[in-house]
Protein chains: 2
Amino acid sequence: MSDDNDKPRAKRSSGSARLTDVARVAGVAPMTVSRALNRPELVTDSTRRKVQQAVLETGYVPNRVAGALATSRSGLVALLVPTVAHALFAEVVQAVMGELAPRGYQVMLGLVGYTPAQEEVVIETVLSRRPDAIVLTGCRHSPLTRERLQRAQVPLVEIWDMSDDPLDMLIGFSHHAVGLAVAAHLLERGCRRFGIITADDARAARRVEGFLEGIDKVAGSACLVREVGTPSSMPWGREKGAELLDTGSIDAIVCSSDILALGVIAEAQSRGLAIPDELAIMGFGDSSYAGASHPALSTVRIDGASIGRAAATHLLRRLDQSVFSRSGEVLDVGFTLIDRDTT
Amino acid sequence: MSDDNDKPRAKRSSGSARLTDVARVAGVAPMTVSRALNRPELVTDSTRRKVQQAVLETGYVPNRVAGALATSRSGLVALLVPTVAHALFAEVVQAVMGELAPRGYQVMLGLVGYTPAQEEVVIETVLSRRPDAIVLTGCRHSPLTRERLQRAQVPLVEIWDMSDDPLDMLIGFSHHAVGLAVAAHLLERGCRRFGIITADDARAARRVEGFLEGIDKVAGSACLVREVGTPSSMPWGREKGAELLDTGSIDAIVCSSDILALGVIAEAQSRGLAIPDELAIMGFGDSSYAGASHPALSTVRIDGASIGRAAATHLLRRLDQSVFSRSGEVLDVGFTLIDRDTT
DNA sequence: CAACAAAATGATTGCGCTATCATTTGGCGG
DNA sequence: CCGCCAAATGATAGCGCAATCATTTTGTTG
């Protein structure tokens with residue numbers, strides 16, 4: 001009954017119980033314990049009970065690091081987003097985790113920021129963990145990143161963007177198309193002299209491109225662009241909004257996020273400008289508070305939760321298959337222009 | 001020069017290069033490659049260069065699963081929050097990751113929701129990954145969870161709460177004290193007939209308790225409580241706000257989050273109630289938009305980023321020490337009552 | 001109840017890496 | 001130029017688990 005044994009096994013590093021400890025207590029072979037825990041249907045009821053009892057007695061918690069090495073399945077899914085400080089991406093994270101957790105996968109979160117250089121570093125460290133799948137925000141990567149991801153032979157979903165040449169699967173929307181849609185909307189409202197307030201972010205830049213293309217051919221149209229620092233915030237919106245309004249020739253301001261737009265609203269109100277007649281304002285993201293501002297903010301809604309869910313369910317399907325093959329599928333979930341009271 | 005070799009080693013499961021492959025190409029022993037990559041100061045410049053060259057040629061990406069098993073250090077920190085859909089916790093996640101990533105730790109994110117039962121499941125799966133440290137939101141756990149965490153001998157920081165009996169370190173604030181402070185504030189404003197709209201969340205419940213205690217002895221005071229479903233949202237705030245206002249005897253409404261308060265503001269405005277004279281409103285969290293609402297929302301500010309940073313830096317310090325010992329430290333970072341225009 | 005198949009259990013081995021030795025190499029004073 | 005010490009490198013042995021195959025037990029059937 002003594003726990004001490006004759007041969008001092010000094011090499012043990014972790015103090016916790018192992019599979020063999022459980023096996024000894026249960027009076028079976030380690031392999032039987034492994035089966036009782038992972039494939040209980042392969043074991044008789046009586047041994048299963050003995051093992052469960054032994055697990056309780058020893059306080060055994062399986063070591064999935066060892067399990068992962070033995071099976072080369074880590075049970076981890078890497079989820080890479082620019083930030084979680086932004087509600088849109090937080091929504092994606094929440095949705096992905098909601099799908100994966102019930103299936104026993106855990107999420108390794110990585111923040112890749114908005115530059116390929118950051119992404120490169122994060123991708124390498126993430127790959128060293130041998131994740132079973134990867135969800136990666138964006139689809140413009142450095143050549144090195146592309147090569148590494150391709151070599152890795154890991155099911156991958158790029159999200160939140162659109163491309164003809166995805167690394168594997170792609171679920172997202174076209175930022176260029178968002179820009180075009182916003183331009184069309186504001187032109188229809190009669191706006192011609194535009195200001196843009198945008199974060200320094202490649203995808204926001206493509207929305208700007210789309211917007212500029214949308215107004216390009218229209219007589220009398222003009223556009224000034226202002227960039228803000230990170231993170232986007234109301235004060236930034238207000239400051240850059242003031243700069244734009246000071247030029248005296250702006251009748252609409254488009255922002256790369258709702259929070260910037262809120263700052264612009266504040267600035268416009270302090271100047272006594274009528275919204276949307278003297279100044280139209282567009283946000284991006286349809287944050288929870290967008291409908292609550294006064295006036296209610298017109299914006300572009302992206303369904304982050306549905307992108308996250310789709311990415312996760314797609315990966316789960318792939319993970320159920322044993323063979324690895326690239327998907328090549330591209331799913332455009334689109335976006336919705338929400339016309340409230342600021343346009 | 002041929003890559004094929006005589007003995008077919010069929011057992012290889014992953015197709016990617018291993019340490020031994022790099023070693024062969026570099027013409028050194030595997031151990032030397034390991035050193036060149038992990039402790040480069042122990043290796044001469046010339047061998048370091050040979051190894052780097054071989055790494056490039058083979059496209060080697062270290063397998064940290066194997067490394068973790070060998071060293072019993074996983075390089076993972078588990079970060080457990082109720083949700084990331086809420087900006088307050090997203091802020092914590094962002095801050096923790098910001099501190100840990102530069103030091104080579106990766107974050108395993110877990111969502112524990114608001115119930116001990118969910119927490120219990122998540123904690124077990126998280127512990128099976130043998131994280132090097134854990135950041136856990138809240139400090140009221142089931143007995144089983146407490147026992148598992150104690151056995152695990154992992155540096156742990158509980159956050160976002162206050163207790164006399166932390167499992168290890170604790171960094172947070174007292175929800176009870178928040179309730180007391182809000183009560184004192186509103187009483188001073190002359191409010192007596194209170195309504196509370198709260199999420200079904202143990203910590204929010206303790207804020208409510210504190211609030212009730214705060215108004216308990218005051219003549220003529222009364223309080224009605226309404227619970228909302230998950231997730232908290234403006235419509236919930238509006239609906240429950242309407243219910244409370246319909247009772248005809250409410251002069252202040254306290255909400256468990258800013259977003260609920262926004263809903264109450266909308267309802268009050270639609271009824272033409274003067275804020276704060278006819279109805280005072282308090283939020284919780286000081287979300288980015290709280291100052292932007294009309295009228296600007298009075299709320300309680302929690303510095304999630306600083307809690308996250310403190311937790312991470314504390315853990316990093318502990319991880320630098322080789323011996324494990326519990327800390328027992330308790331750090332109350334407090335909160336700030338922000339008195340804007342709704343009270 | 002023998003004979004056999006199927007189910008249950010066990011023994012062995014290796015996943016890819018690093019800790020811990022043992023061994024070799026290089027530098028330097030005498 | 002030898003001998004000595006330190007620095008550099010190498011060989012060995014696990015880390016804890018599960019895949020695989022070998023063995024034992026159980027159940028079935030004529």
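Below, read A as the first sequence line, B as the second, and so on, with proteins coming before strands; counting in each chain starts at 1.
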ask   = Base, sugar-phosphate alone, or nothing: which one does A/V43 contact when heavy atoms must sit under 4.0 Å apart?
value = sugar-phosphate
* Asked: Counting N and O atoms only, with roles assigned by atom type, does the side chain of B/T32 sit under 3.5 Å from a partner on the main chain of B/V28, one being a donor and the other an acceptor?
  -> no
B/R64 atom CZ is separated from C/dC15 atom C1', nearest whole Å, by 18 Å
Per atom distances to the A/R35 side chain, the nearest of D/dT9, D/dT20, D/dA18 is D/dT20
TODO: Output yes when at least one side-chain N/O atom of A/S72 is less than 4.0 Å from OP1 or OP2 of C/dC15, else no.
DONE: no
Distance check: side-chain N/O of A/T20 vs OP1/OP2 of D/dC17, anything under 4.0 Å? no
Regarding the side chain of B/V28, the nearest nucleotide among D/dA8, C/dT18, D/dG10 is D/dG10
- Decide, yes or no, whether a salt bridge links A/E147 with A/R151 under the criterion of side-chain N to carboxylate O below 4.0 Å. yes
In whole angstroms, the gap separating C1' of D/dC15 from CG of B/N63 amounts to 13 Å
In whole angstroms, the gap separating C1' of D/dT9 from CZ of B/R48 amounts to 14 Å
Ranking B/A66 and B/M31 by the position along DNA chain D of their nearest nucleotide, the one closer to 5' is B/M31
Carboxylate-amine/guanidinium proximity below 4.0 Å for A/D165 and A/R140:
no
Here the distance between atom P of C/dG14 and atom CG of A/L69, to the nearest Å, is 14 Å
Exercise. Answer with base, sugar-phosphate or nothing: what part of the nucleic acid does B/L19 contact at a heavy-atom distance below 4.0 Å?
Key: base
Taken to the nearest whole Å, CG/A/L42 to P/C/dA6 is 16 Å
Among the nucleotides D/dA18, C/dT18, D/dG16, whichever has the atom closest to the side chain of B/N38 is C/dT18
Rounded to whole Å, CZ of A/R24 lies from P of D/dG16 at a distance of 13 Å
Check the phosphate of C/dG10 against A/T32, side-chain N and O only, distance under 4.0 Å to OP1 or OP2. Yes or no? yes
Before accepting this row, confirm whether a basic side-chain N of the pair A/D320/A/R317 lies closer than 4.0 Å to the acidic partner's carboxylate O. no
Please determine if A/R318 and A/D132 form a salt bridge, counting it only when a charged side-chain N lies under 4.0 Å from a carboxylate O. no
The nucleotide from D/dA11, D/dG16, C/dA11 with an atom nearest the side chain of A/A29 is C/dA11
Side-chain atoms of B/T44 come closest, of D/dA19, D/dG14, D/dT9, to D/dT9
A/E41 CD to C/dA8 P, in whole Å, measures 10 Å
Rounded to whole Å, CZ of A/R73 lies from C1' of D/dA19 at a distance of 11 Å
